[in-house]
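Okay, structure first, notes after.
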Number of protein chains: 2
Amino acid sequence: MSTDQLTDEACGLRERKKRETRRALNLAALDLVEEKSYAAVTTEEIAARAGVSARTFFNYFPSKEAAVIGTTAEELEAYAASLEAPVEGESPLASLRRILAGMLAPTSVDRDLRAKRRRILLGEPSLAPALVGNNIRIENALTAALERRLGVLPGASLEPRLTVALAIAAVRACIEHQQNGGAGRLERNIDQAFDRIAAGLS
Amino acid sequence: MSTDQLTDEACGLRERKKRETRRALNLAALDLVEEKSYAAVTTEEIAARAGVSARTFFNYFPSKEAAVIGTTAEELEAYAASLEAPVEGESPLASLRRILAGMLAPTSVDRDLRAKRRRILLGEPSLAPALVGNNIRIENALTAALERRLGVLPGASLEPRLTVALAIAAVRACIEHQQNGGAGRLERNIDQAFDRIAAGLS
DNA sequence: CTGCAATTTTGCAGTCACTGCACAATCGGC
DNA sequence: GCCGATTGTGCAGTGACTGCAAAATTGCAG
């Protein structure tokens, strides 16, 4: 199965339980934020709903923010791998468009969780600072991947990091635009934004 | 004097004292972070060095991060005004290049404080998440200004926000590049980055 | 210069995120 | 079933941040 990479990589009982606990915490966090609001949720509640102790919460996530956002190292690696191995005739920017749009699309595996994520990350403006902080991780992972793809040493050229940063910023701008009641639909705006980047702007 | 806008706008004793306290807190925060590290500094220390109570600290800044970053509403307004009133024959992107580069340059008023800021914001990677969070404020202010300059209603078009977001992301990418030991000098890289944005990339 | 109203400062008590540490529980391999 | 290693948990503590009410300061009018 193609989903094996994301769900069952190393299949000891230990690994599986960790995965489940992490997922339960992420899910509990998302549900609670949806019921109340980000500020009104405590880490103790999240831990309780996930069925672990308050202390264990911090064995899985370094902060409350991280638990709500929930990006795993595996997801990051998957995105990086997808960027590193280019699709036939696809420019770096086109790859980034595909990958970043895929992060928002609830069409892949884990449909309900992804949909919930999207709903909350788009709907809770108070998470914006945490989200852009998380984007740094994504930027670093994707930059390293693009450097490998282009065969340049890390930091040797500004171009890979710049390309990744602009792509992420474009998506973020579309999200912000959406949250502020801006015109247009999200996916369509993202497409337009990438077209603008490719064409250059003034 | 041309510096009046930033230093003496409303010159009651009350206003002046508030300004001084704010500045003292920002300066104390920067100095302490430079002496130790961001994590090792407490808000109590900052307040003590600035000569105010621990409680008063939070009357001036909503968080420790904000005290270190120290962007004032007036600075934001000044940048916005500078973007709104276009210079002869300067494209929006060119205006943004000038304004954002000016934020990093210690050549304007308040030379020592600006230089200290620059040194710390470039040298303390643990501040990166806070910085990008702060960038949201800057993005919103500049977006609104650009919308006014272009004569479009807020949120009517994606373009203003996209332009601002890309410009900020470019500068941030250059800073990150610098911090990771990347090639080239900062100012030069920023120039190149803006040229790439204008020309389009793949 | 003097009292009055508005603003600002401060102390206090409290909540909550987060951490180190020591110990208990659990798991994987033998 | 046993042992080493990993993981879960309780406890105690630090520090960021908040609301509240009293005290100090400022601007102003008389």
Side-chain angles (χ1 to χ4, degrees), chain A residues 8-26 28-30 32-33 35-70 72-73 124 126-127 129-131 133-134, chain B residues 8-26 28-30 32-33 35-70 72-73 124 126-127 129-131 133-134:
Chain A
D8 293 325
E9 208 155 338
C11 215
L13 187 140
R14 219 163 211 166
E15 210 63 26
R16 190 165 56 238
K17 271 199 134 185
K18 277 188 77 171
R19 240 177 253 273
E20 277 169 19
T21 303
R22 181 178 207 87
R23 186 192 164 82
L25 281 167
N26 184 213
L30 289 171
L32 282 167
V33 169
E35 291 171 20
K36 311 174 167 192
S37 79
Y38 177 72
V41 174
T42 72
T43 59
E44 287 190 18
E45 282 176 301
I46 301 173
R49 181 168 298 202
V52 297
S53 77
R55 187 64 185 81
T56 299
F57 175 93
F58 289 101
N59 287 344
Y60 282 88
F61 294 100
S63 66
K64 189 170 83 164
E65 290 171 354
V68 175
I69 297 177
T72 64
E124 191 88 19
S126 63
L127 277 173
L131 272 181
N134 190 54
Chain B
D8 292 326
E9 209 154 338
C11 216
L13 188 143
R14 218 159 212 168
E15 209 62 26
R16 190 165 56 239
K17 270 199 134 186
K18 277 188 78 169
R19 237 177 255 274
E20 276 169 20
T21 303
R22 179 177 208 87
R23 186 191 164 82
L25 281 167
N26 184 214
L30 289 171
L32 283 167
V33 168
E35 290 171 20
K36 311 174 168 192
S37 79
Y38 176 72
V41 175
T42 71
T43 59
E44 287 190 19
E45 282 176 301
I46 300 173
R49 182 168 297 202
V52 296
S53 78
R55 187 64 185 81
T56 299
F57 175 93
F58 289 102
N59 286 345
Y60 282 88
F61 294 100
S63 66
K64 190 171 82 165
E65 291 170 353
V68 176
I69 296 177
T72 64
E124 191 88 18
S126 63
L127 277 174
L131 272 181
N134 191 53

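- Comparing the end axes of the helix from C/dC1-D/dG30 to C/dC30-D/dG1, each fitted to five base pairs by superposing C1' atoms of four pairs onto the next four, gives an inter-axis angle of 20° (nearest 10 degrees).
- Scored by the side-chain hydrogen bond (donor to acceptor under 3.5 Å, both in side chains) test, B/S37 finds no partners at all (sequence neighbours excluded).
- For residues 38-51 of chain A, the salt bridge (charged side-chain N to carboxylate O under 4.0 Å, His left out) pairs, not counting sequence neighbours, are A/E35-A/R49, A/K36-A/E45.
- The CZ atom of B/R22 sits 11.0 Å away from the CG atom of B/N59 when rounded to the nearest 0.5 Å.
- Across every non-hydrogen atom of A/V52 and A/T21, the tightest pair is CG1-CG2, 3.8 Å.
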- Per-nucleotide protein contact string for nucleotides 4-9 of chain C, where B marks a base within reach and S marks sugar-phosphate only (heavy atoms under 4.0 Å, - for neither): --BBSB
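- The CG atom of B/L25 sits 8.0 Å away from the CD1 atom of B/I46 when rounded to the nearest 0.5 Å.
- Take A/K18 and apply the side-chain hydrogen bond (donor to acceptor under 3.5 Å, both in side chains) test, not counting sequence neighbours, and it matches no residue.
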Polar atom pairs between nucleotides 17-19 of chain C and protein, under 3.5 Å, N or O only, would you list them?
from	atom 1	to	atom 2	distance (Å)
C/dA17	OP1	A/V41	O	3.4
C/dA17	OP1	A/T43	N	3.4
C/dA17	OP2	A/T43	N	3.3
C/dA17	OP2	A/T43	OG1	3.2
C/dC18	OP2	A/K64	N	2.6

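- Between B/A47 and B/S53, the shortest heavy-atom contact is CB-O, 3.5 Å.
- For the atom pair OG (A/S63) and CG (A/N134), the distance works out to 9.0 Å, reported to the nearest 0.5 Å.
- One atom, CZ of A/R16, and another, P of D/dT7, lie 15 Å apart when rounded to the nearest Å.
- In this structure a side-chain-to-backbone donor-acceptor pair under 3.5 Å is present from B/Y38 to B/E65.
- Between B/I69 and B/F61 the shortest side-chain heavy-atom distance does not fall below 4.5 Å.
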